[in-house]
Amino acid sequence: MVQTNSDSAAAWQKEIYLRGFAGKRLEVSIDPIQLEQQAQKSMSPEAFAYIAGGAGLESTIHNNRSAFEKYKIIPRMLQDVSTRDTSIEFLGKRYATPLFLSPVGVLEMVHPEADIAVGKAAASLQLPYIFSNQASKPMEEVAAHMGESPRWFQLYWSKSRELVASFVERAERCGCGAIVVTLDTTMLGWRTRDLDMAYLPFLEGKGIAQYTSDPVFQKLMDEPVSGGEKRNITLHSLAGLIQMTRNYPGGHFFSKLMSGRPRRAVQKFINIYSNPALTWNDLSFLRQHTKLPILLKGIMHPDDARLAITYGVDGIIISNHGGRQVDGSVSTLEMLPAIVRAVGPDFPVLMDGGVRGGADVIKALALGAKAVCIGRPYVYGLAIAGQTGVYQVVRNLLADIELTMGLAGCRSITEINAETINAT
Ligand code: FNR
């Protein structure tokens with residue numbers, strides 16, 4: 001049974017003010033800019049660079065945000081908005097809200113409970129959570145904490161098709177409702193802040209839990225690894241090896257270290273994780289291996305959106321990876337209307353990138369997205385206060401969505417349309 005969330009916003013608003021009356025505030029800042037600044041204080045410099053940063057001069061991050069300023073909501077009055085329904089239908093299922101959690105990898109950088117804390121918070125709100133291929137906890141562990149709450153799996157298509165098939169099979173078994181194939185990370189973007197720090201979390205064995213927990217990957221680790229060039233051992237590299245060993249699952253530290261498997265896991269991962277040779281024709285392999293809906297994440301061009309339909313996928317997520325891949329890229333919101341025109345109003349289109357407030361969500365829905373996803377904001381909540389922080393960040397945004405929708409004169413998501421906004 002899906003709640004329609006009517007009045008959920010008022011209840012949360014009341015909770016915040018009553019807490020304030022008793023001298024307590026939420027753990028997380030409500031303002032998204034302050035939220036980021038607050039989160040920075042609870043993260044290592046490396047973690048903050050990794051989460052907040054983008055590619056090159058970070059102009060895509062800037063573009064994602066500024067695109068929202070080009071549109072303005074035009075509120076309508078006297079519409080009896082006493083009940084408000086934020087539920088949506090997507091791929092034949094009903095969801096309580098038009099908000100999904102984007103897949104974000106390496107969450108252990110900001111909190112030890114990582115994906116599990118996010119899964120629990122999402123489940124408490126019945127909010128769909130897209131598990132990352134680069135998660136810090138295996139999908140089975142996260143799913144076990146989520147009851148029947150909706151979850152999808154995001155796939156990076158590695159060089160091993162056997163591994164791709166194994167990930168997808170595991171996702172099906174742990175109740176994922178769709179496979180999201182991220183297309184925009186065939187190579188790691190030129191990430192200025194990470195390069196300046198000369199820091200990549202994967203080298204410490206972080207963010208590879210889906211791999212080390214996979215039987216096919218364990219087999220692949222026995223194969224010879226190419227390109228493992230010898231380097232001088234330094235104190236720093238020893239510390240890295242210790243981290244790598246700690247992050248490898250199971251066993252006693254020294255037996256893991258002596259087995260050499262933690263290091264092999266990282267080397268193998270680096271060798272196979274991305275596949276720049278991927279083409280549209282490869283998608284049929286996925287279709288043969290799953291009955292789940294397939295969505296493509298990273299679509300930015302109307303022609304690619306049309307191709308997605310031609311190749312039989314079930315939906316798309318307009319995304320530029322939160323500005324982490326192509327610097328100087330067009331924003332996601334800017335491309336939304338042309339893409340919706342290309343695929344037609346009924347094709348399942350989601351978007352992410354720079355969504356920070358309720359008004360952003362209303363604008364994206366008015367331009368034809370069926371729902372939107374957020375990335376960094378919930379990670380900041382996680383960094384500040386774990387599961388509670390994620391819950392509060394999401395609950396704040398949901399309240400903002402419901403109130404902005406009602407105050408704009410819309411009783412339900414279906415009433416949000418092109419007339420709700422204008423372009424300036
Ligand atoms: C991401 N994103 C991402 N996408 C994906 O498909 N798989 C992944 O593992 C990750 N990992 C990841 C890590 C970090 C630190 C960030 C910030 C982002 C991209 C993510 O799913 C989403 O597209 C963006 O985060 C959306 O933009 P905002 O909401 O962060 O502005």
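Note: hydrogens, waters and symmetry copies are ignored here, and every other heavy atom, side chains too, is used. Order of appearance sets the numbers: ligands from 1, and atoms from 1 within every ligand.
At least one N/O-N/O distance between Lys297 and ligand 1 falls below 3.5 Å. Not one N or O of Ile374 is nearer than 3.5 Å to an N or O of ligand 1, by distance alone. Between Arg376 and ligand 1, a contact under 3.5 Å exists for at least one N or O pair.
Applying the 4.0 Å criterion to heavy atoms of Gly353 picks out, from ligand 1, the atoms 26 (C), 27 (O), 31 (O). Atoms of ligand 1 found under 4.0 Å from any heavy atom of Ser319, numbered from 1 in the order shown, are 23 (O). Atom numbering of ligand 1 starts at 1 in the shown order; those under 4.0 Å from a heavy atom of Ser132 are 8 (C), 9 (O). Taking every non-hydrogen atom of Gln154 and a distance limit under 4.0 Å, the qualifying atoms of ligand 1 come out as 5 (C), 6 (O), 7 (N), 8 (C), 9 (O).
Atom 8 (C) of ligand 1 has its closest protein heavy atom at Tyr156 OH, 3.2 Å. Remark: minimum distance from atom 29 (O) of ligand 1 to any protein heavy atom is reached at Gly375 N, 2.9 Å. The protein atom (non-hydrogen) at minimum distance from atom 11 (N) of ligand 1 is Gly105 N, 3.1 Å.
In this structure, a donor-acceptor pair under 3.5 Å is absent between the side chains of Thr182 and Thr185.
The residues Arg306 and Asp303 are annotated as salt-bridged, a charged nitrogen and a carboxylate oxygen being separated by less than 4.0 angstrom. A salt bridge does not link Glu89 to Lys93: none of the charged side-chain nitrogens sits closer than 4.0 Å to a carboxylate oxygen.
Rounding to the nearest 0.5 angstrom, the gap separating the CE atom in Met300 from the OG atom in Ser331 is 6.5 Å. Separation of atoms CD1 (Ile30) and CD1 (Ile16) is listed at 4.0 Å; rounding is to 0.5 Å. From Lys41, atom NZ reaches atom CZ of Phe48 across 11.0 Å, with rounding to the nearest 0.5 Å.
Note on ligand 1: Ile51 sits in its first shell, one or more heavy atoms being nearer than 4.0 Å. A heavy-atom separation below 4.0 Å is found between Asp352 and ligand 1.
Comparing His321, Met351, Arg324, Arg356 against atom 15 (C) of ligand 1, the shortest heavy-atom distance belongs to Arg324. For atom 6 (O) of ligand 1, the nearest non-hydrogen atom from the set Leu107, Val104, Thr182 belongs to Thr182. In the candidate list Pro103, Cys373, Ser102, Pro103 is nearest to atom 10 (C) of ligand 1, counting heavy atoms. Counting heavy atoms only, Gly322 comes closest to atom 24 (C) of ligand 1 of the residues Gly322, Gly298, Pro377.
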- Task: Using the side chain to side chain donor-acceptor pair (under 3.5 Å) rule, take Ser59 and Asp327 through it: C-alpha gap first, then chi angles, then the decisive distance, then the call.
- Result: CA-CA 6 Å; Ser59 63; Asp327 188 26; 2.9 Å; yes
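Heavy-atom contacts from other residues, nucleotides or ligands closer than 6.0 Å to CG of Leu238 number more than 12. For Arg263, the CZ atom sits in a loose shell: 12 or fewer heavy atoms of surrounding residues, nucleotides or ligands are nearer than 6.0 Å.
The only option from Tyr156, Tyr211, Trp157 that meets the side-chain hydrogen bond (donor to acceptor under 3.5 Å, both in side chains) definition with Asn133 turns out to be Tyr211.
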